[in-house]
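Everything on this sheet refers to the single structure shown next.
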Number of protein chains: 2
Amino acid sequence: MRIALDAMGGDHAPEAAVAGAIEAVRRWSDLEVRLVGSTSGIEPLLRGASEEDRRRLPLTDASDRVEMGESPVGALRRKASNSISRSVECVAKGESDALVSAGHTGAAVAAATLGLGRLEGVRRPGIAVCLPTLKGECVLIDVGANIASTPEDLLQYALMGSALAERVLGRAHPTVGVLNIGEEEGKGTPLVLEAARLIRARGLPYHGFVEGRDIFQGTTDVVVCDGFAGNVVLKASEGLADAMFKMLEGRLLKSRVRTFGAFLARGAFRELKAQTNYAETGGALLLGARGTCLVAHGRSNPQAFASALGYARRCVQGRIDERILEGLRTHQPVAGAS
Amino acid sequence: MRIALDAMGGDHAPEAAVAGAIEAVRRWSDLEVRLVGSTSGIEPLLRGASEEDRRRLPLTDASDRVEMGESPVGALRRKASNSISRSVECVAKGESDALVSAGHTGAAVAAATLGLGRLEGVRRPGIAVCLPTLKGECVLIDVGANIASTPEDLLQYALMGSALAERVLGRAHPTVGVLNIGEEEGKGTPLVLEAARLIRARGLPYHGFVEGRDIFQGTTDVVVCDGFAGNVVLKASEGLADAMFKMLEGRLLKSRVRTFGAFLARGAFRELKAQTNYAETGGALLLGARGTCLVAHGRSNPQAFASALGYARRCVQGRIDERILEGLRTHQPVAGAS
């Protein structure tokens, strides 16, 4: 299991990425993490690693870095030797089985889509995240790869999201919901109405329309939406979780009794924070490209990098790509139906 | 100040609505709440009210009720004497200054738009909610009145949302953001790109694009979006807040020490719940119709009904309509510019 890690990506690069990689190779003995970035910047950070660790932490030099404000396509063109493109190359050449980057999402998606190509039959890759729900976890796809989605794209996201739910979350027969503003059939945008019809017609285990609150209720294993809606929902949820912790903290510090109570119950807060922090639970997975590409959170700390590497490892082991191709073959349009 | 209350709307109707109305007239001495619904069902519930309270709780009979699963337009047509339409009539006839309903949102929006008409110059009414942020509150508009929004609609939502932020939240010069998948100019759907251009061209205090997480950070006073995105964001946020409380509760009950700690700190949880529960902080306000129409949460309890009535009262006092008309006049297209 060999994963290329963009060591220059993220707010705390390269320190957090390298520390996360060291943690990851210690945690998983079958794992090799290729550190892609400025070799001279990375080497001093490897001093803490043992000889044995170092053998599973090869380096690939990449001097450039795509900055967060840059336009992805322009930056990829201008900076030929950027760490994202180099990581993608490692996968394209078969040197690595997957890549992980906490850098520019748009650049990672563009580089992976162009550099790896799409799986046969896939129209547009989509980005999937696993979100915590009252029943466990659910897959939300697409969260921003494609903001001009067609009904056929949403159908393919349903297949891709199901493959992830099956192979990584371990659901035997994942159910699929289409995100909408109401549960009633016949209500919604032309996009979701037609997507629902297609998903039903192609024989997927379709639950029906779901609303925003169903995501966290865990009503279905997979929630499908266009990249605009998915992105704003994901970021709003992240922002709300963050705001709620801050609001709670402010209120807990209002009196000594409350502060003492919070101290006694601190484990509960820590656990909830870990559960609702999607940085810690993995990252955003590009589905539909030939190869596994995981975008970790920009704010990732070493622990988040290690989690992302572990998640990428599970995704490769789950052979999601294989399952997507199988799904595309099985759910072909039926002649005369759709 | 006279408000018509749809006493048949909501999961706990008519009990919760009537109890909320009694609480409201006790709280605000200038308030009259007209209870619109089945008179025979409501009267027994008024036994607890004093003679003085009763004088400010007149009744209007409405035997029918729009059920949650019904298609709004069909139901309004079939059930001529439904409590929502009757409440709208009270406002249309000048008998009431505003209406509050916890019933079918789609039916309330349709009945109010048709029954009251639109303010001059308004293309499509929008629904606004006030959400808690780290800096106070922010207005999110539209959360579901209009899922086929045009850039011009979004511009008008910016004006309407600003009127609400100014007159009810007390912001002197509300800032406006357009919800998008990134902050960079030039990124986003044609709808948001053109809306941003229009808002800027018409001279509103435009902040720029905002992302989902900015809503709860309080980056701007008003966040504008199409009704589909707004609806899924609002409901996802509601669902997440709810799920987080349940997840936290489960973790707090895992040991006796934690449970005791939570008991000591219980005031903080109660306060946070009230702050993040948008049912308690008011409801969804229809803006752009001639008259104030507030849709309270379906799960409203008496306290939520009283809050909604208080919020409607503040909206009428703030003369939001007047401010919207003023805004529409001020921000007319400049010849040769937009």
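In what follows, chains are A, B, ... by sequence order, proteins preceding strands, each numbered from 1. Small disclaimer: the values here were computed from a predicted structure and weren't measured.
For chain A, the nearby part of Thr133(B) is the backbone; its heavy atoms alone come within less than 4.5 Å. The part of Gln217(B) that comes within reach of chain A is its side chain, from C-beta onward, which places non-hydrogen atoms under 4.5 angstrom from that chain. Contact of Val143(A) with chain B is not made at all, since no heavy-atom distance falls under 4.5 Å. At a 4.5 Å heavy-atom cutoff, the contact between Asp242(B) and chain A is made by side-chain atoms alone.
The neighbour count for Phe245(A) CZ, taken as heavy atoms of other residues, nucleotides or ligands under 6.0 Å away, is above 12.
Between the CG atom in Leu234(A) and the CD atom in Glu211(B) there is a gap of 10.5 Å [rounded to 0.5 Å]. To the nearest 0.5 Å, the span separating CG on Leu240(A) from CD on Glu238(B) amounts to 10.5 Å. Note that CZ of Arg251(B) is 14.0 Å distant from NZ of Lys273(A), once rounded to the nearest 0.5 Å.
In summary, of the residues considered (Leu179(A), Ile215(A), Asn180(A)), a side chain to side chain contact (heavy atoms under 4.5 Å, CB included) with Val232(B) occurs for Leu179(A) alone.
Between Glu271(A) and Lys254(B), the closest heavy-atom pair is OE1-NZ, 3.1 Å. In terms of heavy atoms, Ala243(B) sits closest to Leu134(A) at O-CD2, 3.7 Å.
Contact count against chain B (heavy-atom pairs under 4.5 Å) is highest for Leu248(A) among Leu253(A), Leu248(A), Leu252(A). The residue among Ala268(A), Ala265(A), Gly239(A), Gly261(A) with the most heavy atom pairs within less than 4.5 Å of chain B is Ala268(A). Of the residues considered (Thr259(B), Val257(B), Val192(B)), Val257(B) shows the highest number of contacts with chain A, using heavy-atom pairs under 4.5 Å. In terms of heavy-atom pairs under 4.5 Å with chain B, the best-connected choice from Asp226(A), Ile181(A), Val233(A), Asn231(A) is Ile181(A). For the set Gly144(B), Ala241(B), Ala262(B), the entry with the most heavy-atom pairs within less than 4.5 Å of chain A is Ala241(B).
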Please evaluate residues Met247(B) and Phe216(A) with respect to the criterion side chain to side chain contact (heavy atoms under 4.5 Å, CB included), reporting the C-alpha separation (whole Å), side-chain torsions for both, the decisive distance (0.1 Å), and the verdict.
CA-CA 11 Å; Met247(B) 290 171 182; Phe216(A) 300 101; over 6 Å; no
